[in-house]
Amino acid sequence: MEKLQAALDKARKSRIGNANSNVADSIRAADGTDANGDVAGLWAALPAIELREAGLLKHRVVTRTARQEATPFDILRTKALLQMRKNGWKRLAITSPMPQSGKSTMSCNLALALSRQHELRSMLFDFDLRDPTIASFFDMDPKYGIGEAMMGTVPFESQAVRYQSNLIISMAQREEADPTRILLADETGARLSAIQAEYEPDVMIFDLPSVLVNDDTRAFLKNADCALIVVRADSTQHNQFEICKREVSEQTSLLGVVLNAYRHNKKTVQTA
Ligand SMILES: Nc1ncnc2c1ncn2[C@@H]1O[C@H](COP(=O)(O)OP(=O)(O)OP(=O)(O)O)[C@@H](O)[C@H]1O
Ligand SMILES: [Mg+2]
């Protein structure tokens, strides 16, 4: 635990000190891409995917089109955007105290709600490397996993896909054997910096595991500018939330807390 904490402190210091940008520059140079190049061209070059409404609805993803059910997510999107812009934040982590709180549902809904803002470019990353679900939410079978893209064995442009013109999705393909290694690696931080510099997204969403089950989220949070904590009204205990909030706040800025599955008028709703 002490070793991990020391590694985290070191990584956070190096992020604050912008040391990663050197590594990001070398990755960019090695990849042969230029941060000042044609950003729209880079987006357009990614393989486009279609999303089927029925598959999305099965997973409670309701924001592909504007509709009443999408409204709470649209409100959350706008609140998050305003707050992130005010603080100059681009990278949003989504986590929870315990599993099955609705993080992936929230991440996908937020990403598709953002994709309806045509002037914005957004990215969604599935960093729940022990139990990835975003590919199944989108009914996709990715050829390569996000771990391979982060470790550089596969170029990002071969791994990521594009929905419409303004949402990039980087999915996990399978459970990774050693997720903490990837999440903690300086190379992952550098790769993300390179991707951010090249694709110039307005928002990067990271779907993460729960905080209280292992060290994965703790290892990754140094890469996020801010975090949303999703608590499930019918199952998250207060002390679990308190511990999670403390852990998250030690690593990054807390953007807010989403109370999910709050029962109101006998209907299950999501509130921001
Ligand atoms: N507001 C809600 N009302 C009812 N069911 C919900 C709600 N939000 C999410 N769910 C359901 O709860 C289950 C878990 O959701 P999801 O996979 O998004 O959670 P998670 O926090 O990402 O889980 P994990 O920790 O396993 O990654 C799914 O079946 C999802 O459809
Ligand atoms: Mg999940």
Side-chain angles (χ1 to χ4, degrees), residues 51-64 67-77 79-80 92-114 123-140 142 145-147 169-176 179-180 182-183 204-221 224 227-237 240-241 243-245 247-248 254-272:
L51 294 176
R52 285 187 314 111
E53 191 68 6
L56 295 175
L57 293 180
K58 199 172 85 190
H59 293 285
R60 296 187 165 87
V61 179
V62 294
T63 51
R64 197 179 66 86
R67 62 168 90 186
Q68 201 191 341
E69 295 86 342
T71 306
F73 295 106
D74 291 352
I75 294 171
L76 177 65
R77 169 200 62 195
K79 280 186 170 179
L92 170 65
I94 300 194
T95 188
S96 65
M98 296 297 283
Q100 295 289 293
S101 305
K103 299 178 292 294
S104 302
T105 311
M106 186 68 58
S107 301
C108 293
N109 274 301
L110 208 47
L112 291 186
L114 280 163
M123 298 177 117
L124 171 63
F125 297 84
D126 189 351
F127 271 113
D128 191 343
L129 301 181
R130 279 173 214 266
D131 187 16
T133 52
I134 287 184
S136 67
F137 276 36
F138 290 152
D139 210 6
M140 301 295 298
I146 190 169
I169 306 167
S170 178
M171 290 172 267
Q173 183 204 31
R174 53 168 196 283
E175 290 169 39
E176 293 285 345
T180 315
I182 297 170
L183 293 164
M204 299 164 89
I205 298 174
F206 304 109
D207 181 22
L208 297 180
S210 306
V211 170
L212 301 185
V213 288
N214 52 50
D215 275 337
D216 290 358
T217 296
R218 174 190 267 258
F220 183 82
L221 277 176
L228 265 183
I229 297 178
V230 182
V231 299
R232 187 137 179 164
D234 50 6
S235 63
T236 308
Q237 293 171 14
Q240 294 170 338
F241 168 63
I243 297 168
C244 174
K245 191 172 76 170
E247 297 261 349
V248 168
L254 182 60
L255 183 75
V257 179
V258 175
L259 181 62
N260 188 25
Y262 172 67
R263 283 185 177 274
H264 174 65
N265 289 342
K266 296 190 180 157
K267 276 188 190 158
T268 300
V269 295
Q270 299 197 259
T271 55

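What you see below is based on every heavy atom in this structure, not just the backbone, and it leaves out hydrogens, waters and symmetry mates. Since the model is a prediction, treat every value here as computed from it, not as a measurement. All ligand and atom numbering here is 1-based and tracks the order in the structure.
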Sorted by chain and number, sequence neighbours left out, side-chain hydrogen bond (donor to acceptor under 3.5 Å, both in side chains) with Thr217 holds for none
Original post:
Is Thr105 in polar range of ligand 1, meaning some N or O pair under 3.5 Å apart?
Top reply: yes
Quick look: Asp131 vs ligand 1, heavy-atom contacts under 4.0 Å, and the answer is side chain
Original post:
Hey, is ligand 1 close enough to Arg60 that some N/O pair sits below 3.5 Å?
Top reply: yes
Heavy-atom distance under 4.5 Å between the side chains of Pro97 and Gln237, does that happen here? no
Counting only protein N, O or S atoms (no waters) closer than 2.8 Å to the Mg ion (ligand 2) gives 1
Within the 4.0 Å heavy-atom cut-off, what Lys103 brings close to ligand 1 is both
Quick look: Val230 vs ligand 1, heavy-atom contacts under 4.0 Å, and the answer is neither
With sequence neighbours left out, the residues meeting ring-ring contact (aromatic ring centres under 6.0 Å, His included) with Phe138 are none
side-chain contact (heavy atoms from CB on, under 4.5 Å) test vs Ser107 passes for just one of Val61, Ile205, Leu92, namely Ile205
Original post:
Taking distance alone, with no angle check, do Gly102 and ligand 1 share an N/O pair under 3.5 Å?
Top reply: yes
Under 4.0 Å from one or more heavy atoms of Ser101, ligand 1 contributes atoms 19 (O), 20 (P), 21 (O)
Under 30°, 30 to 60°, or over 60°: which ring-plane class applies to Phe127 and Phe206, parallel, tilted or perpendicular?
tilted
For Asn260, the ligand 1 atoms with a heavy-atom partner under 4.0 Å come out as 1 (N), 2 (C), 7 (C), 8 (N), 9 (C)
On a heavy-atom basis, the closest approach of Met98 and Leu212 is SD-CB, 3.9 Å
For Thr105 and His59, the nearest pair of non-hydrogen atoms, with its separation, is CG2-O, 3.8 Å
Applied to residues 126-135, the salt bridge (charged side-chain N to carboxylate O under 4.0 Å, His left out) test, sequence neighbours excluded, yields Arg130-Asp216
Heavy-atom nearest pair, Ala113 first then Thr63, reads N-OG1, 3.5 Å
Here the gap from Ser170 atom OG to Met204 atom CE, rounded to the nearest 0.5 Å, amounts to 9.5 Å
With heavy atoms and a 4.0 Å threshold, my read on which part of Arg232 contacts ligand 1 is side chain
Near Pro99 (heavy-atom distance under 4.0 Å), the atoms of ligand 1 are 25 (O)
Of all heavy-atom pairs linking Pro179 and Leu129, the shortest is CB-CB, 3.7 Å
Any N/O of Asp128 closer than 3.5 Å to an N/O of ligand 1?
yes
